[in-house]
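To start, the structure under review is shown below, and the notes come after it.
Just so it is clear, the structure is predicted and the values come from calculations on it, not from any experiment.
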Amino acid sequence: LAWTEALPFPEEGEGSAMRVLLLAGDLATDLAILERCLLGLKKRFDEVLFVPGNHEAWVSRGSDAPMGSAPDSFTKLNEVLAVCDKCG
């Protein structure tokens with residue numbers, strides 16, 4: 001999360017080049033952190049293309065699982081995609 005928030009914002013009148021970022025997954029296992037990262041990056045780039053990785057699909061089981069967490073990776077991936085839709 002820290003590296004995403006340390007990225008500079010584009011300068012006003014920086015030119016006509018489109019700033020595109022391709023994220024090849026593994027940003028976060030926590031949906032709130034993922035959302036915060038994506039929203040912060042959307043402010044810094046014209047387009048953000050995100051491909052979920054295994055970290056996004058990771059679920060905790062047993063006593064380590066937080067309340068309300070996804071029961072399996074397929075459910076978690078659907079939740080990740082909902083976050084992506086919410087972030088635009």
Side-chain angles (χ1 to χ4, degrees):
L1 181 63
W3 72 267
T4 64
E5 293 176 339
L7 289 171
F9 286 95
E11 296 290 325
E12 195 68 35
E14 197 171 279
S16 61
M18 182 175 230
R19 294 168 48 101
V20 178
L21 177 66
L22 173 60
L23 294 170
D26 294 349
L27 283 179
T29 58
D30 182 271
L31 294 174
I33 293 173
L34 176 64
E35 182 176 350
R36 188 170 161 190
C37 286
L38 292 176
L39 289 173
L41 291 168
K42 288 282 290 179
K43 293 177 183 176
R44 291 165 171 84
F45 293 89
D46 298 313
E47 291 291 334
V48 176
L49 308 172
F50 175 64
V51 179
N54 65 310
H55 285 70
E56 285 76 33
W58 179 263
V59 293
S60 297
R61 292 194 172 92
S63 61
D64 292 340
M67 287 290 282
S69 62
D72 57 61
S73 293
F74 292 110
T75 303
K76 177 81 178 285
L77 182 58
N78 284 325
E79 293 173 354
V80 167
L81 295 177
V83 168
C84 292
D85 285 341
K86 182 179 175 183
C87 293

Worksheet item: Between Leu38 and Leu21, is there a shared hydrophobic cluster once you connect ILVMFWY residues whose side-chain heavy atoms come closer than 4.5 Å?
Response: yes
Worksheet item: Under the 3.5 angstrom rule, does the side chain of Asp46 hit a backbone N or O of Arg19 as a donor-acceptor pair?
Response: yes
Fill in: Partner residues of Leu7 under the side-chain contact (heavy atoms from CB on, under 4.5 Å) criterion, sequence neighbours left out
Trp3, Leu41, Arg44, Phe45
Item to complete: Look at the side chain of Lys42 and the backbone N and O of Gly88, then say whether any donor-acceptor pair between them is shorter than 3.5 Å.
Response: yes
Worksheet item: Taking atom OG1 of Thr4 and atom NZ of Lys43, what is their separation to the nearest 0.5 Å?
Response: 11.0 Å
Discussion item. Using 0.5 Å steps for rounding, measure from the CD atom of Glu79 to the CD atom of Glu56.
Written reply: 13.0 Å
Practice prompt. For Lys76 and Leu31, work out which heavy atoms get closest and say how close.
Written response: CE-CD2, 4.0 Å
Item to complete: Just jot down the side-chain hydrogen bond (donor to acceptor under 3.5 Å, both in side chains) partners of Asp26, sequence neighbours excluded, or say none.
Response: His55
Practice prompt. Please name the pair of heavy atoms, one in Phe50 and one in Gly25, separated by the smallest distance, quoted to 0.1 Å.
Written response: CE1-CA, 3.9 Å
Worksheet entry | Ala57: partners by side-chain contact (heavy atoms from CB on, under 4.5 Å), with sequence neighbours left out | Ser73
Worksheet entry | Minimum heavy-atom distance Val59-Ala70, with the two atoms named | CG1-O, 3.7 Å
Item to complete: Could you tell me which residues satisfy side-chain hydrogen bond (donor to acceptor under 3.5 Å, both in side chains) with Asp72, sequence neighbours excluded, listed by chain and number?
Response: Thr75
Worksheet entry | Linked, directly or transitively: Leu23 and Val83 (ILVMFWY side chains, under 4.5 Å) | yes
Practice prompt. For Lys86, enumerate each residue passing the salt bridge (charged side-chain N to carboxylate O under 4.0 Å, His left out) test, keeping only those at least two apart in sequence or located in another chain.
Written response: Glu35
